[in-house]
Amino acid sequence: MLGDVNLCERSCLMRLISDFDGVIADLSERYYQVYRWSLTQIAPDDQAITVLSKDEFWQLKRQQTPREIIGQKSGLTDKQIPQFIELRNDNAHNLANMVHDRLIDGSLEALQMAKDLGWEIMTVTMRRTSELAEMFKLYPELGQVIPGDRRFTMPDAAERDRDLELKPLLLAETLITLPQDSQTWMVGDTEADIRAAQSQNIPVISVLSGIRDRQILEEYKPDFFADNLLAAVKLIQSAQ
Ligand SMILES: [Mg+2]
């Protein structure tokens, strides 16, 4: 159905649907801080623990390494793994921990460039409503490029870790509420973004600034790759 939106003529409105985490925001430091903190909560002083470096930790995340394996690589025993996972799940999305989140280099510039080109800009994100609001509080300049009625989030009570199933639903629900007179592009950093875009016949650019490496993303066959949102916006512009 929404394939139709991409049939419109060159003169029609350009709509940029950007994922948030991994495209606009970098949450790697928040996840890393929670990881390090959880080890201190679990391991007694006399236990030999191998704290992964930030680079090692993030590389494992980008390779979609299960949390159990990250715990084992850090020297936790099998018996300690459930607590490791529980602490992570209970704390990774705490609003207080979002002070560690940063804007990805060039992402604000990219959104401003899209705005200057007259594009409609929106974010469709698996962040909960309160979590996205927290980032807009920390970085009020985001509000200049993504208006309040163009922030599509998950309800605060939504389940976690089902992005691959739930993101296509969120995107479908979002698009139903919008006029269908736009040429639409999607930019995301995970397989869930690719699946969501493909389910709506929207061209999708996978950026490599987020929580998946290229090898994982290639399996899902995005239309294009770009290093980051700025490169993605330039790619879309050149495709017009
Ligand atoms: Mg993301």
Side-chain angles (χ1 to χ4, degrees), residues 2 4-27 101-154 163 167-168 170-190 192-194 196-210 222-240:
L2 280 159
D4 295 348
V5 298
N6 290 318
L7 295 177
C8 69
E9 299 298 322
R10 277 164 179 265
S11 59
C12 73
L13 182 71
M14 176 65 69
R15 173 178 288 153
L16 172 65
I17 301 178
S18 178
D19 176 35
F20 195 75
D21 291 313
V23 180
I24 297 170
D26 174 7
L27 48 62
D101 292 359
R102 296 285 177 268
L103 291 179
I104 291 173
D105 280 350
S107 61
L108 200 59
E109 185 188 349
L111 293 169
Q112 187 61 53
M113 182 180 162
K115 187 181 175 184
D116 293 345
L117 287 164
W119 300 0
E120 180 188 17
I121 303 167
M122 64 181 63
T123 189
V124 176
T125 173
M126 300 304 284
R127 266 196 193 227
R128 279 46 185 166
T129 309
S130 60
E131 297 165 4
L132 188 70
E134 193 65 20
M135 196 61 178
F136 276 72
K137 230 187 279 173
L138 291 167
Y139 293 94
E141 56 271 41
L142 281 173
Q144 304 296 314
V145 281
I146 308 177
D149 65 353
R150 288 294 178 272
R151 302 171 199 164
F152 299 92
T153 55
M154 296 297 281
D163 291 11
K167 185 125 195 188
L170 176 64
L171 181 63
E173 285 169 9
T174 299
L175 289 172
I176 280 172
T177 67
L178 301 171
Q180 297 190 11
D181 58 352
S182 300
Q183 187 170 355
T184 304
W185 284 74
M186 183 145 160
V187 180
D189 71 317
T190 70
D193 300 301
I194 301 171
Q198 288 171 342
S199 73
Q200 300 293 331
N201 290 320
I202 293 172
V204 57
I205 302 173
S206 286
V207 289
L208 301 174
S209 52
D223 296 288
F224 300 98
F225 282 98
D227 284 341
N228 50 43
L229 183 59
L230 188 57
V233 166
K234 288 176 180 171
L235 195 156
I236 296 168
Q237 189 191 15
S238 68
Q240 297 316 298

Would you say the side-chain atoms of [X] pair up with the backbone N or O of [Y], donor to acceptor, closer than 3.5 Å?
X      : Y      : result
Lys167 : Ile194 : no
Arg151 : Asp149 : no
Thr123 : Thr125 : no
Ser209 : Gly22  : yes
Asp223 : Ile205 : no
Gln200 : Ala196 : no
Ser182 : Thr184 : no

Compare all side-chain heavy atoms of [X] with those of [Y] and state whether any distance is below 4.5 angstrom.
X      : Y      : answer
Ile236 : Phe224 : no
Lys234 : Met113 : yes
Leu175 : Ile202 : yes
Leu108 : Tyr139 : no
Ile104 : Val207 : no
Met126 : Phe20  : no
Gln112 : Asp116 : yes
Met186 : Val124 : no

Drop me the distance from [X]'s [atom1] to [Y]'s [atom2], to the nearest 0.5 angstrom.
X      : Y      : atom1 : atom2 : result
Asp26  : Asp101 : CG    : CG    : 7.5 Å
Met135 : Leu142 : CE    : CG    : 6.5 Å
Gln198 : Asp193 : CD    : CG    : 11.0 Å

Do you know which two heavy atoms are closest between [X] and [Y], and how far apart they sit?
X      : Y      : result
Ser199 : Pro168 : OG-CB, 3.9 Å
Val145 : Lys115 : CG1-CD, 4.1 Å
Val23  : Val187 : CG1-CG1, 3.9 Å
Ala231 : Asp227 : CB-N, 4.1 Å
Trp185 : Ala239 : CZ2-CB, 4.0 Å
Ile121 : Arg150 : O-CB, 3.4 Å

(request) Check each of Leu230, Leu103, Ile24 against Leu111 using the side chain to side chain contact (heavy atoms under 4.5 Å, CB included) test, and report the only one that passes. (result) Ile24
(message) For a side-chain contact (heavy atoms from CB on, under 4.5 Å) check, start with the C-alpha distance between Leu117 and Gln237, then their side-chain angles and the critical distance, and finish with the verdict.
(response) CA-CA 9 Å; Leu117 287 164; Gln237 189 191 15; 3.5 Å; yes
